[in-house]
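Worksheet for the structure shown next.
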Amino acid sequence: MQQIALALAGGCFLFVFARTMYALGAGRHRRSPANFAVMCAGFCLQTAYLYMRGRTDGRCPTGTFSDMLVFLAWSMVFLYLVIGTTYRLSLLGAFTAPFVLVFQIVASVLHGPERPALPRSPGPFVEFHGAVSMVAYGAFALSCVAGVMFLLHERQLKRRTLHPLFDRLPPISDLVVAIRRLIVTGLALLTAGIASGFLAGSPPAKLAVTAVVWAIYACILLAVQRRRLSARRVAGLAVIAFVLALMALLGIGVFGHQTL
Amino acid sequence: MEIICLGLNHQTAPVELREKFAVPDADLAGAAQEVARRQGLGESVIVSTCNRVEFYAVADHAANGLAELGAHLRQRAGEHHYDPSAFYMHRASDSVRHLFRVVSGLDSMVVGETEISGQVKKAYRVAAEAGSTGPHLNRLFQRAFRVAKEVRSNTAITRGPTSVAAAGVELAERIFGGLGQCAIQILGAGEIGEQTARALWSRGVRTLFVANRSHERAVALAEAIGGKAVRFETWTEGFDGIDILICSTAAPHFVLTREQLVPLMGRRIDRPLFVIDLAVPRDVEPSVNDLDGVYLYDIDSLQAIIQLSIEARRRELALCDDIIGRHVAEFVEWIERGSRDAGERRPLSRP
């Protein structure tokens, strides 16, 4: 049942991506409530999966790397539904969908028939630490998506070849603003996550890795606030930083649960 | 009874001939009433724009109705100006299809332009207020406006810029989004530069500065557009606040080089600069496009974008004609059903 919910959620995101790409290719893309509704349906199915997984494990479903990826995908869609509509960033959903889909597919592959034995709820602080940190990673992931969109659009503008596929991308200035806000959001959430992890007595190695991710984003934000980076570098750094964050998450996922 | 159309446009007649048959706005209502009163004609609408003059009418018999329209034109413009080969004549479903294509912008000089829709709406409103329309033309024109909306919504026929000014606006919006917070600097007082600046200004840009070698010209242009004139020698002093730079000077050399721009951009590294170089010879060294945050478009690159969008619009024509074909069939069916139901009891000509 859990896997069916996850697979159906993946189907929803695949639908949004394929439908948008087809419409863009045909030059007939318009902001569609249907896409938003399907994203919402995918989000509900993800939520159902995480709820069932939480009930099965008796804890917040962030215990393994596979769980983390699904939680990360859920966080991305959650933030998209909040931010994408708030800032009216055209195509953010369509660009988020493939990332979410890939995370879910990797999670399913890694899931395997046998799950490692996890301790029941390790306490509210640890649960809060895990959940809020994953939402922070979701914000970073979305900043990475916005960064990719920026780089694609910027490349088109620089080369003066305006392909219809990228015709409806948001203005690059709006994308930079979105990247900055997402990094601020992610940093605020990760700060709360690190603080709660510290209070809960999380393993120092795990906290140290999280702190490194925090420091990377804090440096980017500082450079942005001090106006030391061009928009293209901000976008590029948002992408690189998320790749590093994902590697850190892999480390936490692979080694972290053994120490929880 | 049939719907007929007689007209001439930019494809069939030169402007010297079109202007002989053009109907001034003030005469539209009277002319439409006059046509509708002619023998065998029942309703009429006249569309008169810079690119076309067209008479739509409902006739008892198409051939007689078209002859009456021809007679009206001969009276209006003079026998010696009336050259039948410059006119097209449509009847029945062809008239309907023609109007739907015209209102959708498919028959325009710039395919997909939307101005014609407003012009036809105005012509129809004038005729309706003058009482020269009836059930057939009312339904026809209302359907035409619906068709145009559907064509615009469901195809890419209106997408992409078709003029240098429109290309400048579209690119600026791709970079900055809303232009309300943008400031423009114009270097030189060339005509295309002015048009582009006006197009951007109409989108609500915050400030516009004009610099020209002749300061008097800069002042005149700034006053005409609503901006501020600055001295050409000192225009870079306000560079940090500029978002869009339009260059159209007559200088035989670059007025903005990479060497000049590097330190200027260093002061505003996080703020993009959109440079539109409309001058020939070019005003801006091409390699500035390689700088972070600088987007340089010269006249050739803008023309290439325009050409691409025109080609893209042309590719949409078949799809537009499919939509129009469906509506033509429905409209013709309505006419035929109405004729059958009325059993020819309803007189088409006004008493």
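Letters A, B, ... mirror the listed sequences (proteins, then strands); counts begin at 1. As the structure is a computational prediction, the values presented were derived from the model and not from experiment.
Contacts between residues 142-152 of chain B and chain A, counted as heavy-atom pairs separated by less than 4.5 Å, involve no residue at all. Taking 4.5 Å as the heavy-atom cut-off, the residues of residues 242-272 of chain B that approach chain A are Ile269(B), Asp270(B), Pro272(B), ordered by number.
Other residues, nucleotides and ligands contribute only 12 or fewer heavy atoms inside 6.0 Å of the CZ atom of Arg228(A). The number of heavy-atom neighbours closer than 6.0 Å to CZ of Arg155(A), taken from other residues, nucleotides and ligands shown, is 12 or below. A 6.0 Å sphere centred on CD of Gln181(B) holds no more than 12 heavy atoms belonging to other residues, nucleotides or ligands. In the displayed structure, Glu115(B) atom CD is contacted under 6.0 Å by at most 12 heavy atoms of other residues, nucleotides or ligands. At most 12 heavy atoms of other shown residues, nucleotides or ligands fall within 6.0 angstrom of atom CE in Met247(A). Around CD of Glu191(B), the count of heavy atoms belonging to other residues, nucleotides or ligands within 6.0 Å does not exceed 12. For Trp235(B), the CH2 atom is densely surrounded, since the number of other residues' heavy atoms within 6.0 Å is greater than 12.
A search for ring-ring contact (aromatic ring centres under 6.0 Å, His included) contacts involving Phe239(B) returns nothing, not counting sequence neighbours.
Looking at Leu229(A), only its backbone comes within 4.5 Å of chain B, counting heavy atoms on both sides. Proximity to chain A (any heavy atom under 4.5 Å) is restricted, for Leu291(B), to the backbone atoms N, CA, C and O. In this structure, chain A has heavy atoms under 4.5 Å from both the backbone and the side chain of Ile175(B).
Contact count against chain A (heavy-atom pairs under 4.5 Å) is highest for Asp292(B) among Val294(B), Asp292(B), Leu302(B), Asp290(B). Taking Arg232(A), Lys158(A), Arg227(A), Arg233(A) one by one and counting their heavy-atom pairs under 4.5 Å with chain B, the maximum is reached by Lys158(A).
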Candidate pair Arg160(A) and Leu296(B), rule side chain to side chain contact (heavy atoms under 4.5 Å, CB included), full reasoning = CA-CA 9 Å; Arg160(A) 302 163 186 143; Leu296(B) 169 66; 4.0 Å; yes

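To the nearest 0.5 Å, atom CZ of residue Phe176(B) and atom CD1 of residue Ile172(A) are 7.5 Å apart.
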Anything under 3.5 Å between a donor and an acceptor, one on a side chain of residues 161-171 of chain B, the other on a protein residue two or more places apart or in another chain? List them.
from      : atom 1 : to        : atom 2 : distance (Å)
Ser163(B) : OG     : Ala166(B) : N      : 3.1

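The minimum heavy-atom distance linking Gln156(A) with Tyr297(B) is given by the pair O-OH, 4.2 Å.
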